[in-house]
Structures are given as structure tokens and as C-alpha cells.
Amino acid sequence: MRNALLGISSLVMLAQSAAAADLTILVTNITEPTGEVRWVLFDSAEHYKADDSALLAVRNRVDGDSMKVTVHDLPAGRYAIKLFHDANNNGELDSNMLGIPTEGYGFSNNAGRFGPPSFEDAAVTVDEDLQIEIRVR
Amino acid sequence: MNRREFLQGLAALVAAQSTSGYLWAEAPPPWTLGFEGVEEDLPPRAMRVRGEFPAQCRGSLYRNGPALYARGLQRYQHWFDPDGMVQAFRIAAGSVEHQGRFVRTHRFKQEEKAGRFLHGGAGTNFEDALPVRNNESTNVANINVQPLNGELLAMWEAGSAYRIDPDSLETLGTLEFDDSLRGVPFSAHPHFDERGELWNIGSVLFAHQPTLVLYHLGADGRLQKSAAVPMDFPGYMHDFVLTPRYLIALNSSAVLGAGDNFVDRLHWEPERPSQLLVFDRNDFSLRATIEVPATFVFHFGNGWEEGDNIHFTACAYRDMDIVSVGMFRLAQQQPGPYHDASALVHYTLSLSPGSAETTSLGIDMEFPGYDTRRPFSAQMLSGAAGQGEADSRLASAVVRVDPRTGDSERFDYGEGVVVEEPLFVPGPDEGYLLHSFLDYRQGRSGIAALKAGRLADGPVASADMERVLPLGFHGCFLPA
């Protein structure tokens with residue numbers, strides 16, 4: 001989350017290659033009507049694991065129990081998304097004294113039943129226009 | 001059509017069509033009625049009263065327990081799993097009324113909306129289960145209900161307590177302290193001290209560092225202090241003992257390891273000693289860790305001190321089969337027996353040097369209760385005992401025992417009646433014991449009061465109804 005954060009209007013043109021496609025992310029099960037959903041898009045397992053050098057970092061104001069955002073012209077490849085719902089707008093995924101998250105979060109493929117998933121488990125292949133659903137847990 | 005009718009209908013159908021007629025030829029054992037579950041809130045209903053409930057027993061008997069066993073074709077497989085329902089038996093002069101209401105946990109509301117179970121249970125996996133945010137996401141608030149500051153708390157043991165309105169039984173929200181304790185387990189057996197202040201543990205086996213959280217709440221429900229203590233190993237913990245100076249927890253030899261769900265992850269380690277962890281109530285410092293042979297305990301009787309010695313009782317099991325086998329078979333409505341009965345054991349601890357002596361009292365008792373006005377006195381314990389239905393190990397008797405001598409009295413209803421947790425109600429002479437029951441042959445649930453010291457005489461009053469309640473766990477009595 002250390003990358004520059006872009007607003008919802010920043011639907012970024014990432015590439016002009018012929019293989020580029022649009023990735024639409026439908027975020028569902030937002031249980032509190034406040035704050036922002038912050039999400040980051042990675043194109044490598046290394047950066048995903050280190051939580052650094054995300055290809056894209058975006059924050060979207062919560063308005064309802066779901067939202068849809070589209071990333072345009074993404075070069076063909078494998079991508080994974082991590083997100084959390086910053087319901088109280090403090091910029092962090094809150095956790096309790098045990099380090100257990102108390103705000104909502106999610107991953108592409110809704111992967112990781114016990115703890116955070118690997119890049120491989122969370123990654124989706126984008127080679128044509130694609131819509132995925134990430135359910136905030 | 002409920003599950004029983006469905007199964008019996010299916011049994012008849014299959015038996016008629018099958019050449020062997022074997023597989024479904026027999027109806028489920030009658031005690032399995034107690035594990036049918038209910039699907040809706042139970043609106044207030046007048047009960048049939050026999051005898052006269054003593055004036056001291058007028059008030060409300062509240063109970064909690066697993067109640068919602070199925071949604072559609074999904075059915076829970078373990079007694080730990082179903083959503084909690086708080087039951088109220090309102091006892092007045094000449095009348096008793098019953099009401100039951102599901103605790104509206106976050107989970108219950110989400111699953112009600114979805115029309116299906118979204119997550120697995122402690123002992124159940126569903127194929128299409130969704131990932132969870134944290135332990136709180138699967139809280140079913142189904143173990144105990146106790147009063148706090150004019151409200152009730154419906155408690156689970158791996159998440160927050162839910163606040164309940166004692167009159168309407170409506171769910172008011174979770175019991176919150178501060179952000180650092182949000183969603184931290186608050187176990188199902190808090191104990192009140194002599195000043196009405198509340199003490200509890202929270203067992204966090206599932207964290208990277210197994211941790212025991214200790215709570216001290218004022219009578220107003222506000223947090224006085226808390227502590228998080230790392231544990232040597234993640235042993236299952238359900239209840240604890242409070243004495244005037246100490247809080248004692250048992251790190252049992254049912255240890256969390258690998259597996260598909262919480263119950264599957266518990267492994268019995270007979271070679272690993274269990275630990276009695278003795279904490280100072282003043283500052284939650286660990287005063288002693290006393291090793292005892294591997295044991296498994298859900299429930300303790302009250303604790304007291306004599307000089308430098310600490311005394312308490314435990315309903316102890318030889319192993320954890322009750323959790324890993326018995327509670328599956330019960331919830332799945334299958335005949336057993338698959339586990340041993342518990343046995344009442346008297347512990348005497350000495351802190352310098354740390355040692356523990358045990359004496360078996362030879363009583364097959366569970367659900368220990370006592371006079372909570374005198375939490376730190378050596379006193380008679382009550383409990384549910386006997387095995388009216390030998391293949392279920394469900395109690396059929398009310399028992400009362402002196403933990404110092406093992407002297408006991410009991411009343412056994414015999415096969416056909418399941419006795420649930422008896423609660424002590426103060427009254428003339430030695431007071432009363434009040435308990436709920438299921439008469440599975442008649443298909444009726446009810447409550448009964450017995451005179452302590454005269455248990456063998458049987459109930460002085462009872463009330464029942466043509467409504468079958470799922471067998472539950474724990475509760476409290478609040479006088480009118």
C-alpha cells in the first residue's frame with residue numbers, strides 16, 4: 001500500500017499493445033457503508049509476497065454493499081489482487097491485539113480459506129476482457 | 001416435513017422397495033429427537049404445569065444451545081455447530097411460559113439472507129463454504145447465557161459474546177471493550193466473584209502463538225483489566241476455576257494441530273501432560289504451571305482455598321472422544337456409545353512447590369452447578385448424571401454431591417427423559433434444583449424443580465409442552 005494511490009476516475013491506460021484487455025472487478029459483501037475499499041494489483045509473485053511495487057494501487061469510496069471498477073488496457077498476463085475495506089478511513093487494515101484483521105479484506109479468486117493465499121492461488125489470467133468478483137470476507 | 005418424518009418416510013419407502021429392506025428398516029433411536037433442531041423462532045407458549053413451583057423458583061430460567069441444525073440440504077454434523085437459540089422459561093404463580101429466539105449473530109443474519117450456510121462449523125465442512133474474515137465470522141453464540149448489567153450475554157468460546165434483551169430475547173449487538181479486544185475470544189463460562197464482578201478467559205488456539213486471554217469486568221460490564229498470556233502449546237480449554245486469590249485454567253492434552261476443521265484439528269496426546277495454569281487475580285501474573293497426567297475437561301465445579309491449598313472439582317474425561325467421536329454421533333443421530341462418561345474429580349493444589357493431588361469421587365456427573373452467592377465456599381455440587389439411554393450417554397438423573405466426602409443423592413427419571421443442567425435456586429432448608437428436560441418418548445420438553453436434600457422424592461413441580469427443544473448446554477436462573 002506504499003504506492004501512489006489513485007482515485008476511481010483514474011482508469012489507467014497501462015499499455016497500447018494489441019494483447020491488452022480490460023479487467024473488471026466486482027467487489028461484493030461490503031458490510032459497512034463507510035470508508036474506502038483499497039486494492040492493489042500485482043503482476044508478479046515476488047512483488048505480491050513482498051506487498052511492494054504493485055502495478056496499481058487504487059482507493060474507491062464505499063457507496064453501497066458492492067462496487068465495480070475496471071482497469072483498461074491491461075497487457076495480457078497473470079494478475080492477483082489484494083484488497084481491504086478501510087471502514088474507518090484510517091488508512092490501515094485494522095487488527096486486534098492478536099494481529100487478527102477486524103476489517104474486511106479479500107483476494108482475487110476469493111482464494112485463501114486459512115490465511116492469505118499465494119500469488120498462484122490468487123492469480124487470474126487476463127488475455128481478453130474479464131470480470132471477476134471479489135467477495136469481501 | 002421435518003428431517004425425522006422425511007427419514008422415516010424414506011425408510012418406509014426404501015424398505016418397501018428394497019429386496020433386503022435392511023438399510024432404512026429401523027427408525028432412528030427415540031433420543032435423537034433431541035438433535036432434530038428447530039427452524040424458526042419459538043413464540044411464547046403456555047406450558048402444562050404439574051404441582052406448584054415454589055415462590056423462590058418464580059422468575060426466568062434462561063438456556064442456550066445449538067438449535068439450527070439444517071438449512072436446505074445442508075446439515076451440521078457436530079453438536080458444537082448449530083446456531084444458538086436462547087430459551088426463556090418464565091415461571092409465575094400457577095403458570096409457566098416458554099419462548100425461544102435465535103441469536104442474531106453476524107453469521108446468522110448473513111446466512112438467513114443467503115438461504116444457506118455460508119461457512120463450515122467447528123466440526124462440519126461444506127463444499128461451497130466461503131472464506132472467513134476471522135474467528136468472529138463463524139460465531140454461533142450457542143453455549144451459554146448469563147446475566148450482565150441488566151442484560152444477558154449469549155456466549156460462544158471462540159469469539160465475542162452477544163448481548164440479549166432479557167424480556168424480548170432480541171439480540172442487541174456484541175459485547176465490546178476496545179479495538180484491541182475486538183473479536184478476541186470471550187469464553188462461554190465466565191464466573192462471578194463475591195462482589196458480582198465477572199472474570200473470564202479467552203482461548204486463542206488458532207493464532208500463530210497460542211494465547212490465553214484473561215478478562216476482569218466490573219459488575220457494570222466495563223473492562224477492569226485484561227492480559228494476553230502465551231501458552232506452551234495449544235490445548236483445548238473450555239472453562240476455568242476462580243478462587244479468592246487465583247484464576248486457574250487447564251491447558252488440556254487435546255492439542256490443536258493439522259486438520260480440516262477445528263474439531264478435526266484437535267488431536268489427543270496421551271503422553272503430553274496437561275497443565276494447570278495458576279494466575280494471580282490481582283495482576284494476572286502466572287504464579288505456577290503444574291503438570292498433571294493427560295486429561296480432558298469441559299467443566300469445573302467452584303474453587304475454594306484452605307490455607308495455602310486450592311481446591312476445586314472437575315468433570316474429567318479419560319480422553320477427548322466425547323468431542324472427536326461422541327458429539328458427532330449425537331448430532332448425526334446415530335446410536336453409540338462412542339465415549340466414556342465423565343467422572344467427578346477433586347483437585348487439591350499446592351503452589352510451593354507446585355503440586356496437584358486428585359481424588360476420584362466416583363460420580364458420573366456433568367454440568368456442575370452450585371450456589372453462586374457463595375462462589376468460594378466448599379459446598380454441595382449439583383449436576384446431570386446417569387445414563388438412561390445407554391447408547392447416547394445422555395443424562396437421565398439429577399445428582400447432588402459433597403466434593404469433600406463424595407456423599408451424594410440423586411433422582412433418576414430413567415430411560416425416556418434427558419436431564420439438562422440443573423441450577424441451584426436458594427430456598428428454605430437446602431434450596432432447590434431447577435432443570436430443563438426432554439421427554440423424548442412423549443415428544444415434550446419441560447422444566448422441573450426438586451428439593452435439594454430430598455432429590456429422591458422427585459420433582460415438587462414441573463411444566464412441559466408439546467414442543468421439542470433441541471438439547472442444549474448452559475443457562476442461568478434470574479428470580480422475579
Side-chain angles (χ1 to χ4, degrees), chain A residues 25-39 62 64-66 80-124 132-137, chain B residues 106-107 109-111 113-114 118-120 125-139 158-160 174 176-186 202-215 223 226-231 234 256 258-262 264-265:
Chain A
I25 302 136
L26 177 64
V27 181
T28 60
N29 197 43
I30 301 170
T31 51
E32 290 132 299
T34 56
E36 297 175 331
V37 169
R38 295 179 170 227
W39 54 275
V62 166
D65 59 4
S66 67
I81 293 168
K82 300 176 179 179
L83 63 78
F84 76 95
H85 177 197
D86 183 14
N88 62 1
N89 267 322
N90 68 351
E92 292 176 359
L93 172 59
D94 291 351
S95 60
N96 62 25
M97 64 186 290
L98 303 166
I100 295 170
T102 53
E103 288 182 308
Y105 60 96
F107 303 91
S108 40
N109 281 338
N110 294 311
R113 186 149 299 168
F114 302 109
S118 66
F119 179 81
E120 277 313 307
D121 285 347
V124 295
I132 62 171
E133 178 185 344
I134 300 180
R135 188 178 192 278
V136 177
R137 61 187 70 171
Chain B
H106 174 75
R107 173 183 186 144
K109 288 192 286 190
Q110 289 231 314
E111 294 181 334
K113 195 170 150 195
L118 298 172
H119 309 300
N125 295 339
F126 295 119
E127 258 181 29
D128 50 357
L130 296 173
V132 298
R133 177 185 301 185
N134 55 30
N135 51 300
E136 192 59 35
S137 310
T138 60
N139 189 342
S160 302
T174 49
E176 297 290 341
F177 305 111
D178 57 43
D179 286 346
S180 73
L181 286 168
R182 190 169 304 258
V184 173
F186 187 81
S203 170
V204 191
L205 307 184
F206 49 82
H208 180 64
Q209 165 63 56
T211 301
L212 180 62
V213 180
L214 304 171
Y215 298 89
L223 188 70
S226 67
V229 184
M231 297 205 300
L256 198 76
D260 286 340
N261 55 49
F262 178 77
D264 190 53
R265 290 178 66 189

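In what follows, every chain begins at residue 1, and chains take the letters A, B, ... in the order their sequences are listed.
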For the atom pair CE (A:M97) and CG (B:D178), what is the distance rounded to the nearest 0.5 Å? 9.0 Å

Proximity breakdown for B:H106 and chain A, heavy-atom pairs closer than 4.5 Å: side chain

4.5 Å side-chain heavy-atom contact, B:N134 and A:S95: no

With side chain to side chain contact (heavy atoms under 4.5 Å, CB included) as the criterion, how do B:Q110 and A:T31 come out once you've worked through the C-alpha distance, each side chain's angles and the decisive distance to 0.1 Å? CA-CA 10 Å; B:Q110 289 231 314; A:T31 51; 3.6 Å; yes

Heavy-atom check, side chain of B:V184 versus side chain of A:L98, under 4.5 Å: yes

Interatomic spacing from CG in A:N90 to CG in B:D179 - rounded to 0.5 Å: 9.0 Å

Counting only non-hydrogen atoms closer than 4.5 Å, does B:S137 touch chain A with its backbone (N, CA, C, O), its side chain (CB onward), both, or neither? neither

Using modelled atom types only, decide if a donor and an acceptor are shared between the side chain of B:R133 and the backbone of A:R137 within a distance under 3.5 Å. yes

Most heavy-atom pairs under 4.5 angstrom with chain B, which of A:A111, A:P101, A:G106? A:P101

Is A:T102 close to B:E136 at the side-chain level, that is, under 4.5 Å between some pair of heavy atoms? no

Does any heavy atom of chain B fall under 4.5 Å from the side chain of A:D94, the backbone, both, or neither of them? neither

Any non-hydrogen side-chain atom of B:L118 less than 4.5 Å from a side-chain atom of A:R135? yes

Provide the closest heavy-atom pair for B:P131 versus A:G112 in the form atom of the first, atom of the second, distance. CB-O, 4.0 Å

Approximate separation, where rounding is to 0.5 Å, of B:N135 CG and A:I100 CD1: 5.0 Å

Most contacts with chain A, counted as non-hydrogen pairs under 4.5 angstrom, among B:A129, B:A207, B:G183: B:A129

